[in-house]
Amino acid sequence: MIVTNTETVAGYEITEIRGIVQGNTVRAKHLGRDIMAGLKNVVGGELKGYTELLTESRRQATERMMAQADELGANAVVNVRFTTSAVTQGAAELYAYGTAVIVEPATMR
């Protein structure tokens, strides 16, 4: 499945729009990561535990969005966006959404 943050897919024509699709995941902070983050705040540097958590969250939300597009019979998702929001103190949602479409190779005119 083609997934892109643009409104079109180079070399393809959108022949049908199947609808909006989304995927999300809610993750809570981890005590071990919080302790390490506190130490990094003192000495500086990347918070690798949080980086890994967000990377995994984006992957999972994208997979769920793609599964929904597949259920609609789409072969691509265009105009993909990500957003986050706090659900409760210590937990956040990562949300991926886009438009499920059917694309076909563009014909030469």
Side-chain angles (χ1 to χ4, degrees):
M1 178 166 305
I2 298 169
V3 177
T4 181
N5 65 343
T6 60
E7 294 179 9
T8 60
V9 179
Y12 290 84
E13 293 179 23
I14 294 174
T15 60
E16 192 174 333
I17 296 173
R18 292 295 173 109
I20 296 173
V21 289
Q22 73 270 329
N24 70 326
T25 185
V26 177
R27 299 291 175 104
K29 293 197 291 184
H30 182 275
L31 180 60
R33 286 188 178 123
D34 285 346
I35 292 170
M36 294 306 293
L39 293 173
K40 284 290 186 177
N41 280 336
V42 173
V43 297
E46 180 183 5
L47 303 176
K48 291 184 181 179
Y50 286 133
T51 300
E52 291 168 4
L53 180 67
L54 288 171
T55 298
E56 174 61 22
S57 297
R58 276 190 298 275
R59 184 197 58 75
Q60 187 173 53
T62 301
E63 286 176 357
R64 290 175 177 176
M65 178 190 66
M66 290 169 56
Q68 192 175 60
D70 190 52
E71 289 175 10
L72 294 176
N75 64 355
V77 182
V78 296
N79 210 25
V80 173
R81 301 289 184 260
F82 293 95
T83 187
T84 59
S85 62
V87 174
T88 184
Q89 187 167 353
E93 174 189 41
L94 194 133
Y95 183 71
Y97 60 98
T99 303
V101 297
I102 294 178
V103 295
E104 295 178 5
T107 57
M108 301 296 273
R109 294 187 179 163

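Nothing here was measured: the structure is a model prediction, and the numbers come from that model. Just so you know, residue 1 is the first one in the sequence shown, and it goes up from there.
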Return the CG to CD distance between Asp70 and Glu63, rounded to the nearest 0.5 Å.
12.5 Å

Quick check on Leu72: does its CG atom have over 12 non-hydrogen neighbours (other residues, nucleotides or ligands) under 6.0 Å away?
yes

Closest contact, heavy atoms only, Leu53 versus Ala28:
CD2-O, 4.4 Å

Taking only residues two or more places apart in sequence or in another chain, which ones pass side-chain hydrogen bond (donor to acceptor under 3.5 Å, both in side chains) with Gln60?
Thr25, Arg27

Note, Thr62 side chain near Arg59 side chain (heavy atom, < 4.5 Å)
no

Running the 4.5 Å side-chain criterion over Ile, Leu, Val, Met, Phe, Trp and Tyr, what cluster does Ile2 land in, apart from itself?
Val9, Tyr12, Ile14, Ile17, Val78, Val101, Val103

Locate the shortest heavy-atom distance separating Met1 from Ala69; write the atom from each residue and the value.
SD-CB, 3.8 Å

Distance check, rounded to the nearest 0.5 Å: Gln22 atom CD versus Thr83 atom OG1?
13.0 Å

Contacts of Thr4 meeting side-chain hydrogen bond (donor to acceptor under 3.5 Å, both in side chains) (sequence neighbours excluded), chain-then-number -> Thr6

side-chain hydrogen bond (donor to acceptor under 3.5 Å, both in side chains) partners of Asn5, counting only residues at least two apart:
none

Could you list all the side chain to side chain donor-acceptor pair (under 3.5 Å) pairs where at least one residue sits in residues 88-103, not counting sequence neighbours?
Asn24-Glu93, Ser85-Glu93

Side-chain heavy atoms nearer than 4.5 Å, only ILVMFWY residues, links allowed to pass through others: does that put Ile102 and Val77 together?
no

Taking all non-hydrogen atoms of both residues, which atom of Glu13 and which atom of Ala106 are closest, and how far apart?
OE2-CA, 3.8 Å

Identify, with sequence neighbours excluded, every residue that meets side-chain hydrogen bond (donor to acceptor under 3.5 Å, both in side chains) alongside Glu71.
none

